[in-house]
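The structure appears below as C-alpha cells.
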Amino acid sequence: MTRVFSGVKPTGHLTLGNYLGAMRRWAEVDQHAADALFCVVDLHALTVDHDPARVRRLSRQGATLLLASGLDPERCTVFVQSHVDEHARLSYLLECVATDGEMRRMIQYKEKAAREQRRGGSVRLSLLTYPVLMAADILAYGADEVPVGDDQRQHVELARDLAVRFNQRYGHTFVVPRATKPGVAARVMNLQDPASKMGKSDDVGPGIVYLLDEPDVVRRKVMRAVTDSGREVVYDREARPGLANLLEILAACTGGDPELLRGAYTSYGELKRDTAEAVVEMLRPVQQRHKELCADPAYVEGVLREGAERARGMARPTVDAAYRAIGLLPAVAEPAVAEREAAGAGV
Ligand code: AMP
Ligand code: TRP
C-alpha cells in the first residue's frame, strides 16, 4: 500500500491556503487510498522567532483542526512531530549527506532569510537546515507520496535527492518520495496581494482567510479582495492574478473548473459573492466539528498519544537501519554483525 506523509507547521492560524492546497485532500483522498500519516510539525515552528506558549497553543489547535477537517484516527495516524524522537535523530544523519550550497539554494530560505535581515533580525541556523528536517520527516516513514501545496515542491525534491544519495553511498535504506498536488488551488494567493502566497506566518491581514474566521469575516475579506483593472471575467494567472485566484478558490470549493466557471460571470461583484458563500459553506462543517472537539480535549490528547506511538513504531526500524548503514556503532551489539567484525571481515 502507498505510504503518505505530510505535515503542517504551527506558526500561525491555519488558512484557506492550507486547507485547499493540502489538508482537504488528506481527508478526502489520502487517508482512504493510502497508509497515511499527518503531523503537526512543531520543531519546524522553532526556525523563526517564536513565543513558546503560542507554539504550544497552535500545535494543539492545528491537531484539532486536522481532525475537524475529517482526518479519522481509525484510518490514518495523526501526531505531533516532537513526540517522536526519530525525526531529530534522522535529521542529523541527513545533515551529513546534504551540502551547504544545496541548503542556501532553497527559495523559501532565501526569501525568509532576506525578510528577517530586512527587519534587522538574525537568521536562525535551523532555518537553513529546516529542509533537512523535513526530509527526515518524510524518509523516516518510507513515504512514497507527499501531498503538499506548490511552495513545498522544492523541499520534497531535496528529500528525493538526499534519499538517492544516502542509498548510493551507504546502501539501500530509504524509499525515494515524490510530491503530489491538488489539481486546482495548489497555490492560493493573498486576497489583498495576489502576487504573494496566502501564508499563515505573515502578519495578520485582511487578505488571509483563516479556517476559524466567522462567516461574516470571510465574506468581508472575499468581497474586499483586490481584483484587476478591467471588467471582463477572464481566467489568466499572469495578467489577472486577483481574478484568477478567486476563480480558483471558487472552483476548488465547488468542484468546478476555473476556465469554465468564468463564463458564468459578467461582473466581479457576482463572482466575489458566490466565492464568499462557497468558502463559508465549505468551512461550516469544519468549524462545527472543531467546536465539538474543543469541548473534548482529552479525546484529542488521546488521539495524539496513540498516533505518536504508532508513528514511532513505523519510524524506528528505518532510522535504526540508517544509523547502522552510515557507520554508527549499535549500542547493543547485534550478534551477526559482532561475529563478522570479530573475525576481521571488512575492517
Ligand atoms: P505550512 O502552512 O507552511 O505549514 O503548510 C502546510 C501545507 O499547506 C503545505 O503542504 C503547503 O504547501 C500548503 N499551503 C500553505 N499555504 C498554501 C497556499 N497559500 N496555497 C496552497 N497550499 C498552501
Ligand atoms: N515544510 C512544510 C511547510 O512549511 C511542512 C512540513 C514539514 C512538511 N515536514 C513535512 C510537509 C514533511 C510535508 C512533509 O508547509
Side-chain angles (χ1 to χ4, degrees), residues 3-27 30 36-48 55 58-59 61-63 65-66 69 79-82 84 86-88 90-91 94 106-109 111-112 126-127 129-160 162-163 177-191 193-202 205 207-211 241 244-245 248-249 252 311 315:
R3 173 72 59 86
V4 162
F5 183 97
S6 203
V8 55
K9 282 192 308 274
T11 40
H13 296 285
L14 294 179
T15 71
L16 185 64
N18 293 125
Y19 189 71
L20 294 179
M23 291 162 64
R24 185 168 68 159
R25 214 165 16 121
W26 301 349
D30 297 315
L37 298 107
F38 301 106
C39 185
V40 175
V41 286
D42 54 350
L43 297 174
H44 288 271
L46 311 184
T47 56
V48 287
V55 168
L58 289 172
S59 296
Q61 189 189 70
L65 272 169
L66 286 181
S69 74
F79 70 107
V80 174
Q81 183 187 31
S82 65
V84 179
E86 270 51 44
H87 298 249
L90 182 56
S91 185
L94 295 178
M106 293 290 125
I107 296 164
Q108 210 166 66
Y109 169 73
E111 284 175 0
K112 286 191 180 173
S126 55
L127 186 68
T129 56
Y130 156 121
V132 177
L133 177 59
M134 176 164 163
D137 299 339
I138 297 166
L139 302 186
Y141 297 95
D144 305 283
E145 289 184 3
V146 187
V148 283
D150 253 356
D151 60 320
Q152 295 302 318
R153 294 182 75 76
Q154 193 187 30
H155 293 159
V156 180
E157 279 301 311
L158 176 83
R160 285 177 68 88
L162 297 183
R178 65 180 177 279
T180 58
K181 66 167 181 171
V184 68
R187 191 172 179 82
V188 178
M189 310 309 278
N190 187 304
L191 297 175
D193 173 15
S196 334
K197 184 186 81 161
M198 186 185 282
K200 65 175 146 53
S201 326
D202 301 343
I208 305 169
V209 175
Y210 294 99
L211 297 186
N245 194 34
E248 289 198 8
I249 292 171

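Counting convention: from 1, in listed order, for ligands and their atoms alike. Position 1 is the first residue of the sequence, and the numbers go up from there.
- Protein neighbours of ligand 2 below 4.0 Å, counting non-hydrogen atoms: Phe5, Ser6, Gly7, Lys9, Val41, His44, Tyr130, Met134, Asp137, Ile138, Val146, Val148, Gln152.
- Against a heavy-atom cut-off of under 4.0 Å, Met198 is close to the following atoms of ligand 1: 16 (N), 18 (C), 19 (N).
- Within ligand 1, counting atoms from 1 as listed, the ones closer than 4.0 Å to a heavy atom of Arg187 are 20 (N), 21 (C).
- Residues forming a ring-ring contact (aromatic ring centres under 6.0 Å, His included) with Phe5 (at least two apart in sequence, or on another chain): Tyr141.
- Heavy-atom proximity to Val8, at under 4.0 Å, picks out these atoms of ligand 1: 4 (O), 6 (C).
- Atoms of ligand 1 found under 4.0 Å from any heavy atom of Ala186 (numbered from 1 in listed order, with element): 20 (N), 21 (C), 22 (N).
- Taken from NZ in Lys200 to OG1 in Thr15, the straight-line distance is 7.5 Å, to the nearest 0.5 Å.
- By the ring-ring contact (aromatic ring centres under 6.0 Å, His included) test, His44 is found to be paired with Tyr130, residues two or more places apart in sequence or in another chain being considered.
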Verdict with supporting geometry, His13 and Leu211, side-chain contact (heavy atoms from CB on, under 4.5 Å)
CA-CA 8 Å; His13 296 285; Leu211 297 186; over 6 Å; no
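- Between Pro147 and Val4 the shortest side-chain heavy-atom distance falls below 4.5 Å.
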Could you walk me through whether Asp42 and Ser82 satisfy the side-chain hydrogen bond (donor to acceptor under 3.5 Å, both in side chains) test, starting with their C-alpha distance in whole Å, then the side-chain angles of each, then the deciding distance to 0.1 Å, before giving a yes or no?
CA-CA 6 Å; Asp42 54 350; Ser82 65; 2.5 Å; yes
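- Residues that satisfy the side chain to side chain donor-acceptor pair (under 3.5 Å) test with Ser59, not counting sequence neighbours, are absent from this structure.
- The residue His44 has no part lying near ligand 1, judged by heavy-atom distances below 4.0 Å.
- Considering both main-chain and side-chain atoms, Gln152 never comes within under 3.5 Å of ligand 1 through any nitrogen or oxygen pair.
- Gln61 contributes atom CD, which lies 10.5 Å from atom CG of Leu66 (distance to the nearest 0.5 angstrom).
- The atoms of ligand 1 that sit less than 4.0 Å from any heavy atom of Ala22 are 7 (C), 8 (O), 10 (O).
- Residue Asp151 places at least one N or O, backbone or side chain, under 3.5 Å from an N or O of ligand 1.
- Residues Leu133 and Gln81 meet the side-chain proximity criterion, which asks for heavy atoms closer than 4.5 Å.
- Polar contact with ligand 1: present for Asn18 (N/O pair, distance under 3.5 Å).
- In terms of polar-atom proximity, defined here as any N/O pair under 3.5 Å, Gly17 does make such a contact with ligand 1.
- Those atoms of ligand 1 with a heavy atom of Gly7 less than 4.0 angstrom away are 6 (C).
- Heavy atoms of Gly199 come nearer than 4.0 angstrom to ligand 1 in no pair at all.
- Taking a 4.0 Å cut-off on heavy atoms, Gly12 fails to register as neighbouring ligand 1.
- Between Thr15 and ligand 1, no N or O atom pair is found at a separation short of 3.5 Å.
- Ligand 1 has an N or O atom lying under 3.5 Å from an N or O atom of Gly149, backbone or side chain.
- Of all atoms in ligand 1, numbered sequentially from 1 with element shown, those under 4.0 Å from a heavy atom of Gly21 are 21 (C), 22 (N).
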